Amino acid sequence: MRHVLNAKQFTKKELEELFLLTDDIKNNPKKYSNKLDGKIIAVMFYEPSTRTRMSFQTAILKLGGKFVGTENAFDNSSGKKGETLEDTIRVLQGYADAIVIRHPSDNMPQRVASVATVPIINAGSGKGEHPTQALLDLYTIREYKKRLNNLKIAILGDLSNGRTIHSLLGLISNYDNIEIYGLSKKVFELPQEYIDMLNSKGIEYKKCNCFDDIPKDVDIMYHSRIQSERFEGDFGKEEYIINKEVLSKFSPETIVLHPLPRNEEICPDIDDDPRAVYFKQANNGLYVRMGLFVQAFEN
Ligand code: NCD
């Protein structure tokens, strides 16, 4: 049984295996169309989602499986009647062969894993982790850069509450010669625990104060939305916006990633630039998630 709970569970070897499998699924989807024959997956989302939920559901259907479950699960499940998450999992695993779950509590993965008898896939846990997003982010980096070592990566936006960034840092820290640059408003700086994690893997974290502090030949600029649903109060809008003028100062090889949805932080005037790969990135989510299901039922 293989859960997908957090980024740190993945070794470099496991990542490469998943990415090779994902390449094959992308190139030969028909070969995999019966892999989930007879399987039913529960898809429970306690927070809003477009890409993650629908790409998981599409992945299940493309692999020949079926799904049950609900969006808006706080209203549409017995959570509304006070049922604990643990009890809901205990019940669902009597019906389903695996459970995909998104939930606002940071410790959801530990809670569900403590009772799970079927594979659990974390589709986002509070501000903590979003491992499947980070897997598709890394897969996209590998696709465009043809390498995962020797990379300069700038992370921007809500580094404090952005779970996709937290998981991506966990995955990328497996690789050699990585430099991370962070640019955000003061209130959204990267928490010290992630800086410590990077340092413990020999990766220096360089805090930037403006776009000019990011090297012009940076390989990836990964922007993110201010996660306003995760804090009280109003800290205003994003100050560091990637638009045509900003992007023109960076290398023709610098790619722009974003987990989406975007707000104002990426101006649509760069959408047609070949360096803006965020919609292709979202599409890769389908194939990486198909890969995860194939692996979940392999062993
Ligand atoms: C992200 C999330 O849910 O954390 N969205 C996604 O899954 N692609 C990012 C976000 O909501 O800002």
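Predicted, not measured: the structure shown is a model, and the values here were computed from it. Indexing begins at 1, ligand by ligand and atom by atom, following the structure's order.
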Before signing off on this row, confirm whether [X] and ligand 1 have an N or O atom pair separated by under 3.5 Å.
X	value
R163	yes
P261	no
E229	no

For ligand 1, which atoms have a heavy atom of [X] less than 4.0 angstrom away?
X	value
Q227	10 (C), 12 (O)
T52	6 (C), 7 (O)
R102	3 (O), 7 (O)
Q133	6 (C), 7 (O), 8 (N)

Any salt bridge between [X] and [Y], counting N to O under 4.0 Å?
X	Y	answer
R262	D271	yes
D219	R147	yes
E86	R90	no
K80	D75	yes
K216	E253	no

| field | Structural part of E47 in contact with ligand 1, heavy atom criterion under 4.0 angstrom | value |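 The answer is neither.
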Among protein heavy atoms, which sits nearest to [atom], and what does the distance come to when rounded to 0.1 Å?
atom	value
atom 5 (N) of ligand 1	L260 O, 3.1 Å
atom 10 (C) of ligand 1	R225 NH2, 3.4 Å
atom 1 (C) of ligand 1	T164 CG2, 3.8 Å

| Looking at L247, V246, I242, N243, which one forms a side chain to side chain contact (heavy atoms under 4.5 Å, CB included) with C267? |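 Only match with C267 under side chain to side chain contact (heavy atoms under 4.5 Å, CB included): N243.
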| field | Neighbour count >12 (heavy atoms, 6.0 Å) for atom CD, E245 | value |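 Counting neighbours around CD of E245, 12 or fewer heavy atoms of other residues, nucleotides or ligands fall under 6.0 Å, so no.
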| Checking R289 against F56: charged group under 6.0 Å from the ring centre and within 45 degrees of the axis? |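 Judged by the rule, R289 and F56 form a cation-pi pair.
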